[in-house]
A.B. asks: 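This structure is in structure tokens; I'll ask about it shortly.
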Amino acid sequence: MLYFSHPASLEHDPRAHMPGHPDTPERLVAIERVLADRDWLGWERREAPAAAERELELIHSAGHVEAIRELCLSGGGPIDADTFVGEASYRAALHAAGGACAMTRSLLGGDQRVGFSALRPSGHHAERDRGMGFCLFDNIAVAAELAIRELGVERVFIFDWDVHHGNGTAEAFRRRSDVLFVSIHQAGIFPGTGPSGDFGSGEGEGYTINLPVPGGSDEELWLSLVEHIVLPVASSFTPGLILVSAGFDAHRADPLATCTLEAGSFAQMGCHLRDFAAELGIPLGVVLEGGYEPVALAESVAATLAALGGEGEAISAAPEPLLTSRAAVGVSRHWRL
Ligand SMILES: [Zn+2]
């Protein structure tokens, strides 16, 4: 079990431009305090290297990479109404993408079977040509593309359990059949994308699966979707690598959304994914996205890491009748459930 981090993550602080901004370095400080108290739960810590710009350009345009670099190095400023960079943000972003890439390289090199990349800024909202939603570069998309183009993986399954739709990752792969992107997210909140009827396009038709859930959705629904839709589809897809966009903002204490998961809910998702990866005999890499209540975030990450490391058992969830069947109707046009 490999845990990637870097002190550069702590230097990126949007509060310099917007006091009260929820994406703070304290998020990571809280996580590492809890993990240190628990002896890192047996995880081996590694320093995340900086990504090379050519790696970012696997997903982003050279113009976007340059624009972010220049904005940061000239002192920083706003990218949109809630995305801000400072001088140190570029270096932080390089290490955030670099952590996801290094984790993927280590896992595919047979070094270890499970990884966690705990860096900021997060990535899943960043698009080819623009940063948005606190994200500058799409760390998980860069890692997935690296796995396919340079590390010999034929198919990557990306599961995005952040409470917000991962529009950047979805867009990067929506026309592709070698990346299965499945997202559970709260409907009606930022960024407003990811309706259940969008299955991707062209050759990628069927390889994008959106499972929006209403505000207030609980563990029973989330775990039911994971067990009865997400994993059966992923199993049919036969991936060579699993990557997870792990936001912890579906926690009941999170200020940015209204789902009601708890630390134990994330641990359950971790147990299901751990067992699934072991069954397929493939590596599992988890990349930190959101989660804005530091105590809830830290407890949820620790519970997830414990589960990924082998603690606890996956509990079977009842198929939630109404929502599961509604989502399942669309999905079953493309996949056998
Ligand atoms: Zn989020």
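Atoms within each ligand, like the ligands themselves, are counted from 1 in listed order. Small disclaimer: the values here were computed from a predicted structure and weren't measured.
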A.B. asks: Can you tell me which residue among Thr238, Ile242, Val233 is in a side-chain contact (heavy atoms from CB on, under 4.5 Å) with Leu180?
C.D. replies: Val233
A.B. asks: Centre-to-centre under 6.0 Å for Phe173 and Tyr207, is that the case here?
C.D. replies: no
A.B. asks: Below 4.5 Å, heavy atoms only, C-beta onward: do Val213 and Trp222 meet side chain to side chain?
C.D. replies: yes
A.B. asks: State plainly whether the residues Glu299 and Arg252 are in salt-bridge range, i.e. N to O under 4.0 Å.
C.D. replies: no
A.B. asks: So how far is it from Leu280 CG to Phe237 CZ, rounded to the nearest 0.5 Å?
C.D. replies: 11.0 Å
A.B. asks: If I only include protein atoms of type N, O or S, how many are less than 2.8 Å from the Zn ion (ligand 1)?
C.D. replies: 4
A.B. asks: Could you name each residue pair satisfying salt bridge (Lys or Arg N to Asp or Glu O under 4.0 Å) that touches residues 55-77, not counting sequence neighbours?
C.D. replies: Glu53-Arg69, Glu55-Arg105
